[in-house]
Amino acid sequence: MAVVIAIANQKGGVGKTTTAVSLAAALANRGQRVLVIDADPQSNATSALGGERGSSGLYAALIGDAPLDAAIRPTNTPGLYLIPTDPSLAGAEVELVGLMAREYRMERAIDPLRGRFDIILVDCPPSLGLLTVNALTAADEVIVPVQCEYFALEGLGHLAKTIELVRTNLNTRLRLRGVVLTMFDARTNLSRDVEAEVRRHFENTFRSVIPRSVRLSEAPSHGEPIQRYDPLSAGARAYEELAEELLAQLRATVPGAAHGAS
Ligand code: ATP
Ligand code: MG
């Protein structure tokens, strides 16, 4: 049964999509059956994985109760699958408001897919609206990317409170798996200060740190994850390490999770 992990932070441009796509590819390379669900109307994960826009199966599932499995697409990475989206998903944020069980719609759509994958990653939009709340309600765990920049911690309190509210009211399983430091620049004191500060506040910050890397920012325009675009780059290696760290944690804490080759 898949572990469902939401990649969330309401702050924009912190590396959510890059983390979802690169971590997913690194996990697939380790023999995991991985699904990325693009839950952001910007559909950046869809483009980054070379997926076709044009319709949103997630929209149809959230608003029309259509089954999600028909929307699953293979990617150019073996073992890595995608549920693509397109900008029409933005309508769901508004239309969900008036629906019954509006916070549980994504959970209902995702649960039937759990048997087919080991790990399902949900790439969230930069807001704490209903799409993100749906993702947190559907998820077992959440990973929070934090950019190593000034103001990095701003908003994290609000995010932590939202996670707590979801846990209390909607999904008691939800746990913060960890914070991932992204766009780390070893040449600056700022990056090191932010790292220290984040580690002080969140003891479950991953050991692996993602460096700022031009290759990581180039990969999406080629429609392939960094592991295919430049597998030897520092960015690719950092996400490989993160995948190892996550798998080791999952094996230790989630019964039956992340079995198979590594
Ligand atoms: P949004 O909130 O808009 O969904 P996001 O949190 O998903 O953004 P990304 O799209 O992953 O963030 O990253 C923002 C930008 O920074 C992108 O142009 C991406 O290519 C770039 N980027 C992400 N991680 C790195 C990195 N480690 N090094 C260099 N550039 C990066
Ligand atoms: Mg994104």
Side-chain angles (χ1 to χ4, degrees), residues 5-26 36-51 53 56 58 82-87 89-90 92-93 121-136 142-156 158-159 162 178-188 190-192 194-195 198 205-206 208-243:
I5 305 178
I7 313 288
N9 187 339
Q10 78 276 25
K11 210 179 179 91
V14 297
K16 291 181 288 297
T17 301
T18 305
T19 297
V21 166
S22 314
L23 179 61
V36 170
I37 299 180
D38 190 348
D40 181 358
Q42 297 181 95
S43 27
N44 294 335
T46 299
S47 334
L49 284 170
R53 298 193 197 182
S56 176
L58 185 57
L82 168 71
I83 292 187
T85 199
D86 75 356
L89 183 63
E93 191 81 75
L121 299 179
V122 185
D123 185 30
C124 293
S127 85
L128 292 174
L130 270 174
L131 283 169
T132 297
V133 168
N134 262 269
L136 293 175
V142 52
I143 288 178
V144 177
V146 170
Q147 187 180 353
C148 294
E149 286 293 344
Y150 197 55
F151 294 138
L153 283 158
E154 209 170 76
L156 280 185
H158 192 186
L159 178 59
T162 303
V179 171
V180 188
L181 293 159
T182 66
M183 298 183 235
F184 183 86
D185 187 342
R187 295 166 305 181
T188 68
L190 180 61
S191 273
R192 277 192 292 274
V194 170
E195 176 178 14
V198 169
T205 302
F206 288 100
S208 319
V209 172
I210 312 303
R212 185 173 280 285
S213 139
V214 176
R215 305 301 270 169
L216 273 173
S217 59
E218 288 169 352
S221 63
H222 296 261
E224 53 185 22
I226 190 71
Q227 281 78 10
R228 282 178 67 90
Y229 179 64
D230 190 350
L232 298 178
S233 64
R237 288 201 313 269
Y239 277 109
E240 300 285 325
E241 261 177 50
L242 180 65

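Fair warning: this is a prediction, and the values are worked out from it, not measured in the lab. Both ligands and their constituent atoms are indexed starting at 1 by order of listing. The basis for the numbers below is simple: all heavy atoms, side chains too, and nothing from hydrogens, waters or symmetry mates.
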Q.
Distance alone, cut at 3.5 Å: any donor-acceptor contact between the side chains of D123 and T17?
A. yes
Q: Check ligand 1 against V14 and write out every atom of the ligand that is under 4.0 Å from a heavy-atom position of the residue.
A: 5 (P), 6 (O), 12 (O)
Q: Check the side chains of Y239 and S208 for a donor-acceptor pair under 3.5 angstrom, ignoring hydrogens and angles.
A: no
Q: Output yes when the distance from some N or O of ligand 1 to some N or O of D123 is under 3.5 Å, and no in every other case.
A: no
Q) Should you measure from each heavy atom of Q42, which atoms of ligand 1 turn up under 4.0 Å away? A) 1 (P), 3 (O), 4 (O)
Q: Could you tell me the residue and atom name of the protein heavy atom closest to atom 16 (O) of ligand 1, and the distance to it rounded to 0.1 Å?
A: M183 CE, 3.9 Å
Q: State plainly whether the residues E218 and R215 are in salt-bridge range, i.e. N to O under 4.0 Å.
A: yes
Q: Give a yes or no answer on whether the side chain of D185 reaches the backbone of S191 with a donor-acceptor pair at less than 3.5 Å.
A: no
Q.
Suppose we measure from atom 10 (O) of ligand 1 to each protein heavy atom; which comes out shortest, and what is that distance?
A. T17 CB, 4.0 Å
Q. Does P231 offer a backbone N or O that forms a donor-acceptor pair with the side chain of S233 under 3.5 Å?
A. no
Q: Compare all side-chain heavy atoms of P126 with those of D40 and state whether any distance is below 4.5 angstrom.
A: yes
Q: Take atom 23 (C) of ligand 1 and look for protein heavy atoms under 4.0 Å from it; say yes if you find one, no if not.
A: yes
Q. Taking everything shown except H222 itself, do over 12 heavy atoms lie less than 6.0 Å from its NE2?
A. yes
Q: May I ask you to check whether T18 has an N/O atom sitting below 3.5 Å from an N/O atom of ligand 1?
A: yes
Q. Of all the atoms in ligand 1, which lie at a distance below 4.0 Å from a heavy atom belonging to G15?
A. 5 (P), 6 (O), 9 (P), 11 (O), 12 (O), 13 (O)
Q: Around atom 5 (P) of ligand 1, find the nearest protein heavy atom and jot down its residue, atom name and distance.
A: K16 N, 3.4 Å
Q.
So, applying side-chain contact (heavy atoms from CB on, under 4.5 Å) with T182, which one of K16, E149, Q147 is it?
A. Q147
Q. Any non-hydrogen protein atom below 4.0 Å of atom 14 (C) of ligand 1?
A. yes
Q: Compare every heavy atom of A39 with every heavy atom of V122, then report the nearest pair and how far apart it is.
A: CG1-CB, 3.7 Å
**Q.** Proximal ligand 1 atoms for I210, defined as those under 4.0 Å from one of its heavy atoms
**A.** 27 (N)
Q. Should one rank G13, S217, S43 by closest heavy-atom distance to atom 20 (O) of ligand 1, which comes out on top?
A. S217
**Q.** Pairwise side-chain contact, E93 with P41, heavy-atom cut-off 4.5 Å (strictly under)
**A.** no
(Q) Show me which atoms of ligand 1 lie under 4.0 Å from any heavy atom of G12. (A) 2 (O)
Q: Decide, counting backbone as well as side-chain atoms, whether N44 has an N, O or S atom less than 2.8 Å from the Mg ion (ligand 2).
A: no
Q: State the atoms of ligand 1, each with its element, that fall below the 4.0 Å cut-off from a heavy-atom position in L216.
A: 26 (C), 27 (N)
Q. What distance do F206 atom CZ and I143 atom CD1 have between them, rounded to the nearest 0.5 Å?
A. 4.0 Å
Q. Distance below 4.0 Å between atom 18 (O) of ligand 1 and any protein heavy atom?
A. no
Q: Run the contact test for D40 against ligand 1 with a 4.0 Å cut-off on heavy atoms, strictly below, and give the result.
A: yes
Q | C124 SG to L136 CG distance, which is reported to the nearest 0.5 Å | A | 6.0 Å
Q. Is the closest heavy atom of S213 to ligand 1 under 4.0 Å?
A. yes
Q) Does ligand 1 have an atom that lies less than 4.0 angstrom from a heavy atom of P211? A) yes
